[in-house]
Q: 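Structure in structure tokens, see below.
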Amino acid sequence: TLVNGPVSGVIWDKQWRLKLVKNLEIMVNQLWAVGVFEIFIDGSFVEMKSHPNDIDGYFVTDVMRVATGELQRELNMLEPDKIWTWSPLSRKPYRGYPKKQLPMWHKYRVELYPHYNQPTGILDQHGNQMQFPAAFRVERNTYEPKGIIKIVK
């Protein structure tokens with residue numbers, strides 16, 4: 001349904017959605033290759049939006065693998081364009097977008113963030129920072145509950 005769309009009544013950009021899924025597959029396979037198996041996606045891709053901008057997601061990992069740079073190094077050994085980074089300094093502008101994007105977004109239009117019980121910078125309706133699981137389970141503007149998708153090997 002995420003690629004082919006609803007049965008009827010909605011114009012659905014199947015080709016774009018399939019391209020996003022294939023890009024996600026590349027990144028997920030890289031994560032699996034380095035032992036990361038808890039991967040979740042969210043964003044407009046998993047909603048009733050004909051042409052989503054991208055796929056957003058997170059994966060569960062150990063803080064030390066991120067803090068030491070080990071995870072980034074392992075992933076970039078598998079990725080020819082070395083797109084695995086979450087450094088704010090690596091973000092570059094993209095025409096028509098207000099925020100700068102990570103290298104992984106520029107190449108794949110997918111952003112996957114490591115989660116190790118840290119805050120996300122996304123605030124709840126009371127102004128408190130949320131962690132990824134909570135942030136992905138509510139609409140950002142309305143705070144209405146919603147689902148997320150777990151990628152299973």
Q: Pair Asp42, Ile149 - check side-chain contact (heavy atoms from CB on, under 4.5 Å), show working.
A: CA-CA 7 Å; Asp42 179 22; Ile149 295 175; over 6 Å; no
Q: Would Arg65 pass as a cation-pi partner of Tyr116, given that its NZ or CZ must be under 6.0 Å from the six-membered ring centre and within 45 degrees of the axis?
A: no
Q: Against Trp105, only a single residue in Trp86, Tyr97, Tyr113 fulfils ring-ring contact (aromatic ring centres under 6.0 Å, His included); can you say which?
A: Tyr97
Q: Heavy atoms, side chains only, cut-off 4.5 Å: are Val60 and Val36 in contact?
A: no
Q: Kindly compute the distance separating CG (Asn23) from CD1 (Ile55), expressed to the nearest 0.5 Å.
A: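 Rounded to the nearest 0.5 Å, the CG-CD1 separation comes to 7.5 Å.
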Q: Rounded to the nearest 0.5 Å, what's the gap from CD1 on Ile83 to CG on Asn76? Could you check?
A: 6.5 Å
Q: Got Val46 and Ile148 here, is their nearest side-chain heavy-atom distance under 4.5 Å?
A: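 No; the side chains remain at least 4.5 Å from each other.
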Q: For residues Leu112 and Met27, report the shortest heavy-atom separation together with the two atoms involved.
A: CD1-CB, 4.0 Å
Q: Pick out which of Leu20, Val28, Ile26 makes a side-chain contact (heavy atoms from CB on, under 4.5 Å) with Leu24.
A: Val28
Q: For residues His115 and Thr61, determine if any side-chain heavy atom of one lies less than 4.5 Å from a side-chain heavy atom of the other.
A: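 No, side chains not in contact.
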Q: Between Gln72 and Thr68, is there a donor-acceptor pair closer than 3.5 Å when you use the side chain of the first and the backbone of the second?
A: no
Q: Is it true that atom NZ of Lys82 has more than 12 heavy atoms of other residues, nucleotides or ligands lying nearer than 6.0 Å?
A: yes
Q: Would a hydrophobic clustering, with Ile, Leu, Val, Met, Phe, Trp and Tyr connected at side-chain separations under 4.5 Å, put Val66 with Met64?
A: yes
Q: Let me check something: do Met77 and Met104 share a hydrophobic cluster, defined by ILVMFWY side-chain heavy atoms less than 4.5 Å apart, either directly or through other members?
A: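 No, separate clusters.
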Q: Over all heavy atoms of both residues, which pair between Ser50 and Pro52 is shortest? Give the atoms and the distance, please.
A: O-CD, 3.5 Å
Q: When rounded to the nearest 0.5 angstrom, what is the spacing between CZ in Arg17 and CD in Gln15?
A: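 One gets 13.5 Å once the value is rounded to the nearest 0.5 Å.
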Q: So, taking the atom named NE2 in His51 and the one named NZ in Lys14, what distance separates them when rounded to the nearest 0.5 Å?
A: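 The NZ atom of Lys14 is 16.0 Å from NE2 of His51, to the nearest 0.5 Å.
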Q: Please collect all side-chain hydrogen bond (donor to acceptor under 3.5 Å, both in side chains) contacts where either partner lies in residues 26-37, sequence neighbours excluded, each pair once.
A: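 Listed by first then second residue: Gln30-Glu79, Gln30-Trp84.
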Q: Give, for atom CD1 of Ile39 and atom NZ of Lys153, the distance between the pair rounded to the nearest 0.5 Å.
A: 9.5 Å
Q: Could you pull out the closest heavy-atom pair between Lys49 and Ser44, with the gap in Å?
A: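 For Lys49 and Ser44, the tightest heavy-atom pair comes out as CD-CB, 3.5 Å.
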Q: Applying side-chain contact (heavy atoms from CB on, under 4.5 Å), run through Phe45 and Val21 and close with a yes or a no.
A: CA-CA 10 Å; Phe45 183 79; Val21 166; 3.4 Å; yes
Q: Could you give the distance from CG (Asp56) to CZ (Arg109), rounded to the nearest 0.5 Å?
A: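 With rounding to 0.5 Å, CG (Asp56) is 11.0 Å from CZ (Arg109).
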Q: Do His106 and Gln101 come close enough that some side-chain heavy atom pair is under 4.5 Å?
A: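 The answer is yes; the side chains approach within 4.5 Å.
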Q: Should the pair Glu111-Arg91 be classified as a salt bridge under the 4.0 Å nitrogen-to-oxygen rule?
A: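 Yes, Glu111 and Arg91 are salt-bridged.
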Q: Using residues 128-135 as the side-chain source, report each donor-acceptor pair under 3.5 Å to any protein atom, sequence neighbours left out, with the distance given to one decimal.
A:
| residue | atom | partner | partner atom | Å |
| --- | --- | --- | --- | --- |
| Gln129 | OE1 | Gly121 | N | 2.8 |
| Gln131 | NE2 | Asn117 | O | 3.0 |

Q: Can the ring centres of Phe40 and Tyr58 be said to be less than 6.0 Å apart?
A: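 Judged by ring-centre distance (under 6.0 Å), Phe40 and Tyr58 do meet the cut-off.
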Q: Which atom pair, heavy atoms only, marks the closest approach of Leu71 to Val34?
A: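 Nearest pair, atom of Leu71 first, then Val34: CD1-CG2, 3.8 Å.
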